[in-house]
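Down below is the structure, laid out as structure tokens.
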Amino acid sequence: RKEVEQDPGPFNVPEGATVAFNCTYSNSASQSFFWYRQDCRKEPKLLMSVYSSGNEDGRFTAQLNRASQYISLLIRDSKLSDSATYLCVVTRRDGNKLVFGAGTILRVKS
Amino acid sequence: GAVVSQHPSRVICKSGTSVKIECRSLDFQATTMFWYRQFPKQSLMLMATSNEGSKATYEQGVEKDKFLINHASLTLSTLTVTSAHPEDSSFYICSARAISDTQYFGPGTRLTVL
């Protein structure tokens, strides 16, 4: 079983739609949680950290459920520029190493 | 935000040759840098942790004699793929950890071994 699991998609949505991605992780000792965005053939870029209390950054809302070992990302009012692969990332107990999910592909179409 | 560079961005080499990839933190010092590899449609996989002034720590299944890592200064780590083979063709990405513990990624190096 992979340490971080994501639905690969692709999610094809129209502009303006709301889309949600889910992720599960298997290591209960994972310490920190993030969503990264990766554009085609580019490096991943940090989108936001994820906390149990939930956090929001503009159109993006992330939520962590430690009991279920589940992380979510909600994107409201999708833009064409949101098209990318979204990577769910956790750190191991030492907080040092990042473990990446394989990513969920989002395609926003006009 | 912090900037991490990688050089070269793309390299094509013949099978059996060695390739060196440089990772530099341009505006901060990084005692720890990480090397990842990403095959098409797969997730980034951590290869090794590079610590300034000491030996790198390799993940299970990564051959330390094939992937030589040197972290000679607080702003530079190098990865040398020795005796490269076609199966080593991949996207190699480094990251540098800042004092805030945030990791900043380099733009990646696309290696093609013929």
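Protein chains get the first letters and strands the later ones, always in sequence-line order, with residue 1 at the start of each.
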Task: Side chain, backbone, both or neither of B:Phe105 within contact of chain A (heavy atoms, under 4.5 Å) - done: both

Task: When A:Ser49, A:Ala102, A:Pro44 are compared by non-hydrogen pairs under 4.5 Å with chain B, the top option - done: A:Pro44

Open item on the list: Would you say A:Val90 ends up clustered with A:Leu64 if hydrophobic residues are merged whenever their side chains have heavy atoms under 4.5 Å apart, either directly or through other cluster members?
Closed with: yes

Task: Over 12 non-hydrogen atoms of neighbours within 6.0 angstrom of CD1 in B:Ile99 - done: no

Task: Smallest separation among heavy atoms of A:Tyr36 and B:Gln103, with atom names - done: OH-O, 3.9 Å

Task: Gap separating the CG atom of A:Leu46 from the OG1 atom of B:Thr102, nearest 0.5 angstrom - done: 7.0 Å

Open item on the list: To the nearest 0.5 Å, what is the distance between NZ on B:Lys41 and CD1 on A:Ile105?
Closed with: 7.0 Å

Task: Cluster overlap A:Val99 with A:Phe34, hydrophobic side-chain contacts below 4.5 Å - done: no

- [ ] Could you tell me the separation between the CZ atom of B:Phe91 and the NZ atom of A:Lys42, rounded to the nearest 0.5 Å?
- [x] 9.0 Å

Task: B:Met45, CE atom: more than 12 neighbouring heavy atoms under 6.0 Å - done: no

Task: Approximate separation, where rounding is to 0.5 Å, of B:Arg97 CZ and A:Leu98 CG - done: 9.5 Å

TODO: Identify which of B:Thr32, B:Leu46, B:Leu44 forms the greatest number of heavy-atom pairs closer than 4.5 Å to chain A.
DONE: B:Leu44

Task: Shortest non-hydrogen separation from B:Ser43 to A:Gly101 and the atoms involved - done: CB-O, 3.1 Å

Task: Joint cluster assignment, B:Leu79 & B:Phe34, ILVMFWY side-chain distance < 4.5 Å - done: no

TODO: May I ask you to check whether B:Gln6 and A:Glu43 show a side-chain donor-acceptor distance below 3.5 Å?
DONE: no

Open item on the list: Does B:Arg10 have more than 12 heavy atoms from other residues, nucleotides or ligands lying within 6.0 Å of its CZ?
Closed with: no

TODO: Let me know if A:Gln6 has heavy atoms under 4.5 Å from chain B in its side chain, its backbone, both or neither.
DONE: neither

Open item on the list: Just checking B:His7: does its NE2 atom have more than 12 heavy atoms from other residues, nucleotides or ligands closer to it than 6.0 angstrom?
Closed with: no

Task: A:Arg41 atom CZ: more than 12 heavy-atom contacts under 6.0 Å - done: no

